Visitor: 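Below is a structure I'd like to ask you about.
Each chain gets a letter, A, B and so on, in the order its sequence line appears, and its residues count up from 1. This is a predicted model, so every value here is computed, not measured.
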There are 2 protein chains.
Amino acid sequence: MRELTRAEEEVMQVLWKLKKGFVKEILELFDEPKPAYNTVSTIVRILQDKGFVSHKAYGRTHEYFPLISKNEYSKMHLSTFVNDYFSNSFEKMVSFFAKEKSISVKEMEEIMKIMEGEVKKQKAK
Amino acid sequence: MRELTRAEEEVMQVLWKLKKGFVKEILELFDEPKPAYNTVSTIVRILQDKGFVSHKAYGRTHEYFPLISKNEYSKMHLSTFVNDYFSNSFEKMVSFFAKEKSISVKEMEEIMKIMEGEVKKQKAK
DNA sequence: AATATACAACGAATAAATTAGTTATGCAAC
DNA sequence: GTTGCATAACTAATTTATTCGTTGTATATT
């Protein structure tokens with residue numbers, strides 16, 4: 001699975017939001033200055049070649065939809081990042097950001113609560 | 001601050017490891033198949049133009065060093081990611097990976113321990 | 001049926017990134 | 001000082017990504 005280029009990623013973000021959409025609909029969700037219709041159309045077809053999206057045809061018009069979910073992609077993407085920047089350790093990464101105060105106390109408490117639940121669930125097995 | 005391209009990132013990873021280095025030394029740390037000397041030299045000069053590295057000159061030879069630390073860059077990079085994929089919430093991101101079992105119980109316990117420490121430290125203020 | 005409209009497909013033009021050859025200069029060895 | 005080597009600077013070539021104009025066809029409108 002390849003990484004998305006910048007332009008590709010923008011289109012995917014829109015498609016993830018829409019679930020499915022025609023080029024016209026995708027275009028509408030772009031901020032100004034919007035790219036040309038053809039630009040989006042091309043990118044979406046490239047994404048299709050690369051296996052990130054597929055489409056359903058209604059006559060000659062195509063409704064595109066993602067083949068990879070935002071969650072799947074972010075999982076893949078973060079794994080690469082954690083591997084490259086934190087020697088593949090989630091713990092190192094999270095600790096780093098906790099210490100850097102990028103995570104608020106409220107967030108940390110919430111995270112701990114969820115982790116306790118997960119740990120309990122895992123250990124119950 | 002721009003994002004690094006793939007080739008640029010590889011050079012930066014080496015420079016972060018070396019702390020500082022001549023093109024020749026950077027080249028040595030590359031896996032086979034190593035790029036050409038000139039390729040690394042060019043990339044390092046581009047990195048310099050973009051403000052990611054600088055150099056100290058010894059006569060005609062240049063010793064390059066990062067202007068941005070690996071930690072700084074990863075912070076910037078992850079912030080963008082968290083913003084784009086988890087509506088800017090670290091909590092959402094970490095919870096997601098905890099639930100996805102990408103984080104082991106041992107790691108979670110370690111993370112919780114560190115967070116408890118951080119929370120205490122923050123609250124003490 | 002003729003015209004207008006909408007859209008996919010194609011492909012050209014440009015821009016950005018990557019790779020490496022060539023050149024020039026300084027230094028070392030002889 | 002002449003030769004050879006190392007390396008920075010420059011430049012060319014290639015590849016990949018981005019953007020959008022053009023074309024052809026289907027469908028809707030009159």
Visitor: Should B:Lys50 and B:Glu8 count as an ion pair when the cut-off is N to O under 4.0 Å?
Guide: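 Judged by the 4.0 Å cut-off on N to carboxylate O distance, B:Lys50 and B:Glu8 do form a salt bridge.
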Visitor: For A:Thr80 and A:His77, run side chain to side chain contact (heavy atoms under 4.5 Å, CB included): C-alpha distance rounded to whole Å, both residues' side-chain angles, the deciding distance at 0.1 Å, then the answer.
Guide: CA-CA 5 Å; A:Thr80 305; A:His77 189 67; 5.7 Å; no
Visitor: Rounding to 10 degrees, work out the angle separating the end axes of the helix from C:dA1-D:dT30 to C:dC30-D:dG1 (five pairs an end).
Guide: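 About 10°, once rounded to a multiple of 10°.
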Visitor: B:Glu63 CD to D:dA8 P: how many Å, rounded?
Guide: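 Going from CD in B:Glu63 over to P in D:dA8 covers 11 Å.
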Visitor: Rounding to an integer number of Å, can you tell me how far A:His62 NE2 sits from D:dT27 C1'?
Guide: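 Whole-Å distance recorded here is 14 Å.
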Visitor: Provide, to the nearest angstrom, the distance between the OH atom belonging to B:Tyr58 and the C1' atom belonging to D:dA6.
Guide: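 Nearest whole value for this atom pair: 17 Å.
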Visitor: Figure out the NE2/P separation between B:His55 and D:dA9, and round it to whole Å.
Guide: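 Result: 7 Å.
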Visitor: Contact between B:Lys56 and B:Tyr58 at the side-chain level, heavy atoms closer than 4.5 Å - yes or no?
Guide: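 B:Lys56 reaches B:Tyr58 side chain to side chain.
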Visitor: Determine whether B:Tyr85 and B:Met93 satisfy the following criterion, side chain to side chain contact (heavy atoms under 4.5 Å, CB included), listing intermediate values before the conclusion.
Guide: CA-CA 8 Å; B:Tyr85 288 87; B:Met93 182 193 78; over 6 Å; no
Visitor: Given a cutoff of under 4.5 Å between side-chain heavy atoms of I, L, V, M, F, W and Y, with clusters grown through shared members, what are the other residues clustered with B:Ile114?
Guide: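 Its cluster partners, ordered by chain and number, are none at all.
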Visitor: Hey, are the side chains of B:Leu67 and B:Leu47 touching, using non-hydrogen atoms and a 4.5 Å cut-off?
Guide: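 A side-chain contact is absent here, since even the closest heavy-atom pair is not under 4.5 Å.
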Visitor: Is it the case that more than 12 heavy atoms not belonging to A:Lys24 sit under 6.0 Å from its NZ atom?
Guide: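 No, not enclosed.
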Visitor: Figure out the CG/P separation between B:Asp49 and D:dC10, and round it to whole Å.
Guide: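 In whole Å, D:dC10 P and B:Asp49 CG are 10 Å from each other.
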Visitor: Please find the earliest and latest nucleotides of DNA chain C, in the 5' to 3' direction, that have an atom within less than 4.0 Å of any heavy atom of chain A.
Guide: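 The contact span of chain A on DNA chain C goes from C:dC7 to C:dG11.
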Visitor: Using the ring of each side chain (for Trp, its six-membered ring), is A:Tyr73 parallel, tilted or perpendicular to A:Trp16, with breaks at 30° and 60°?
Guide: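 The rings of A:Tyr73 and A:Trp16 sit tilted, inter-plane angle from 30° to 60°.
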Visitor: How close do A:Ile43 and A:Ala7 get, counting heavy atoms only, and between which atoms?
Guide: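 Shortest heavy-atom contact: CD1-CB, 3.7 Å.
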Visitor: Evaluate the criterion ring pair (Phe, Tyr, Trp, His ring centres under 6.0 Å) for residue pair A:Phe97 and B:Phe90; output intermediate values, then yes/no.
Guide: CA-CA 9 Å; A:Phe97 284 96; B:Phe90 271 96; 5.4 Å; yes
Visitor: Would you mind telling me which residue lines up with the more 5' stretch of DNA chain D, B:Gln48 or A:Ala7, judged by nearest nucleotide?
Guide: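 Looking at DNA chain D, the more 5' nearest nucleotide goes with B:Gln48.
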Visitor: What residue pairs, at least two apart or across chains, pass salt bridge (charged side-chain N to carboxylate O under 4.0 Å, His left out) with a residue in residues 113-125 of chain A?
Guide: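 Sorted result for residues 113-125 of chain A: A:Glu110-A:Lys113, A:Glu118-A:Lys121, A:Lys123-B:Glu109.
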Visitor: Is B:Lys20 atom NZ crowded by more than 12 heavy atoms from other residues, nucleotides or ligands, each under 6.0 Å away?
Guide: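 Result for NZ/B:Lys20: open.
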Visitor: Does anything in residues 15-23 of chain A reach DNA chain C, meaning a heavy atom under 4.0 Å, and if so which residues?
Guide: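 Within this stretch, A:Val23 sit under 4.0 Å of the strand.
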Visitor: Roughly how many Å is it from CZ in B:Arg60 to P in D:dC5, rounded to a whole number?
Guide: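 After rounding, the reported distance stands at 17 Å.
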Visitor: So which atom in B:Ile103 and which in B:Val94 form the shortest heavy-atom distance, rounded to 0.1 Å?
Guide: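 Scanning both residues, the minimum pair turns out to be CD1-O, 4.3 Å.
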Visitor: Figure out the CZ/C1' separation between A:Arg6 and D:dT18, and round it to whole Å.
Guide: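 The distance from CZ of A:Arg6 to C1' of D:dT18 comes to 9 Å, rounded to the nearest Å.
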Visitor: Below 4.0 angstrom, which residues in residues 35-46 of chain A have at least one non-hydrogen atom near DNA chain C?
Guide: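 Output list: A:Tyr37, A:Asn38, A:Thr42, A:Arg45.
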